[in-house]
Amino acid sequence: MKILVGVKRVIDHNVKVRVKPDGSGVDLDNAKMAINPFDEIAVEAAIRLKEAGVASEVVAVSIGPEKAQETLRQTLAMGVDRAILIPYDGITEPLSVAKTLQALVARESAQLVMLGKQAIDDDCNQAGQMLAALLDWPQGTFASGLKLADGKIEVMREVDGGLETLALDLPAVVSVDLRLNEPRFASLPAIMKAKKKPLEQVTAQELGVDLTPRLELLSATEPPVRQAGGVLVATAAELVAKLKTEAAVL
Ligand code: AMP
């Protein structure tokens, strides 16, 4: 079974995002970029399936700028077998990501596609669901546990009030949540070895996909500055008194 994993290069989650002065988007100049954290978890999950002997090959795919090669090399150092970059400098929208992955699934004869539950830059949470619809494959979203047995994949999901377990027939699309695993750090020898692993470039044109955005960004603004509203109280009795008299909630 071959697994395709979608990885997006995004602004590092530790970086404070700055909006461009003209409101035309987020300022990415000189910003530290990194692998989308959910995608790193998807990569880890796919590698574990290979290590468990249920997957034969793990292929990482990124649609993004030339620099996304660094992101793909990171996945190769973690244990991915090979990587594919679809070069594109603009904003990638979930529908074009889904169409690109659909074309790659056919080209690679992949049986499982693993994605993050959302890209932390656009927060769309759509690419996986759109891909499952385009392929007409079953989908398990927000996986917090995974098991493969008898040609089915079991996806555990945290839902209101507990855990839900779905059994999906393969081929399938799975998107992963934060608590699925803790991604490994690549060792130095693995980083060196990753430099020799295959990283192929395929154009969107070759795949018959048009990546031109369909949405227009009208404006981006900073969130409103929070007013300092807290008051420190010395004792629990003072808190209760304030809740009674000032807040009038007791
Ligand atoms: P989104 O629907 O944009 O929140 O993205 C959901 C998931 O789709 C991400 O966590 C990635 O696994 C995948 N994805 C989104 N954009 C890209 C991209 N440009 N290249 C590769 N995978 C992507």
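Note that this is a predicted model, so its numbers are computed, not measured. Numbering of ligands and ligand atoms starts at 1, following listing order.
The ligand atoms of ligand 1 that sit less than 4.0 angstrom from a heavy atom of Thr92 are 19 (N). Listed by atom number, the atoms of ligand 1 under 4.0 Å from Asn36 heavy atoms are 10 (O). The contact set between ligand 1 and Gly6, taken as ligand atoms under 4.0 Å from a residue heavy atom, comprises 11 (C), 12 (O), 22 (N).
With a 4.0 Å cut-off on non-hydrogen atoms, Val7 touches ligand 1 through its backbone and not its side chain. With a heavy-atom cut-off of 4.0 Å, Asp122 touches ligand 1 through its side chain alone. Of the heavy atoms in Asn125, only backbone atoms (N, CA, C, O) come closer than 4.0 Å to ligand 1. Residue contacts with ligand 1 for Val61 involve N, CA, C or O but no side-chain atom from C-beta outward (heavy atoms, distance under 4.0 Å).
In terms of protein heavy atoms, atom 20 (N) of ligand 1 is closest to Ile63 N, 3.0 Å. For atom 9 (C) of ligand 1, the nearest protein heavy atom (residue, atom name, distance) is Asp39 OD1, 3.4 Å. Ala119 N, 3.5 Å is the protein heavy atom nearest to atom 5 (O) of ligand 1. In terms of protein heavy atoms, atom 23 (C) of ligand 1 is closest to Val97 CG1, 3.7 Å. Closest protein heavy atom to atom 16 (N) of ligand 1: Lys8 CD, 3.3 Å. At the top of the distance list for atom 6 (C) of ligand 1, counting protein heavy atoms only, stands Gly116 O, 3.7 Å. At the top of the distance list for atom 8 (O) of ligand 1, counting protein heavy atoms only, stands Ala127 CB, 3.4 Å.
The backbone N or O of Glu66 lies less than 3.5 Å from no partner atom in the side chain of Arg9, so there is not a single donor-acceptor pair. With hydrogens and angles disregarded, a donor-acceptor distance shorter than 3.5 Å links the side chain of Glu93 to the backbone of Arg214.
When only interatomic distances are considered, the shortest N/O to N/O separation between Leu115 and ligand 1 does not fall below 3.5 Å.
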Should Glu164 and Glu158 be marked as a side-chain contact (heavy atoms from CB on, under 4.5 Å) after you check the CA-CA gap, both sets of side-chain angles, and the distance that decides it? CA-CA 6 Å; Glu164 175 183 80; Glu158 289 173 11; over 6 Å; no
Where do Gln74 and Thr71 land on the side chain to side chain donor-acceptor pair (under 3.5 Å) test, with the steps shown first? CA-CA 5 Å; Gln74 182 186 339; Thr71 315; 5.8 Å; no
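Gln129 and Asn125 form a side-chain donor-acceptor contact under 3.5 Å, judged by distance and modelled atom types alone. Side chains of Ser144 and Arg157: no donor on one and acceptor on the other come within 3.5 Å.
When each of Asp177, Asp123, Asn36, Asp39 is tested with Gln118 by the rule side chain to side chain donor-acceptor pair (under 3.5 Å), just one qualifies, namely Asp123. Of the listed residues (Leu131, Leu211, Leu207, Val209), just one forms a side chain to side chain contact (heavy atoms under 4.5 Å, CB included) with Lys99, and that residue is Val209. When each of Glu44, Met114, Lys117, Glu40 is tested with Val176 by the rule side chain to side chain contact (heavy atoms under 4.5 Å, CB included), just one qualifies, namely Met114.
Under the 4.5 Å side-chain criterion, counting only non-hydrogen atoms from C-beta, Val80 is not in contact with Val5.
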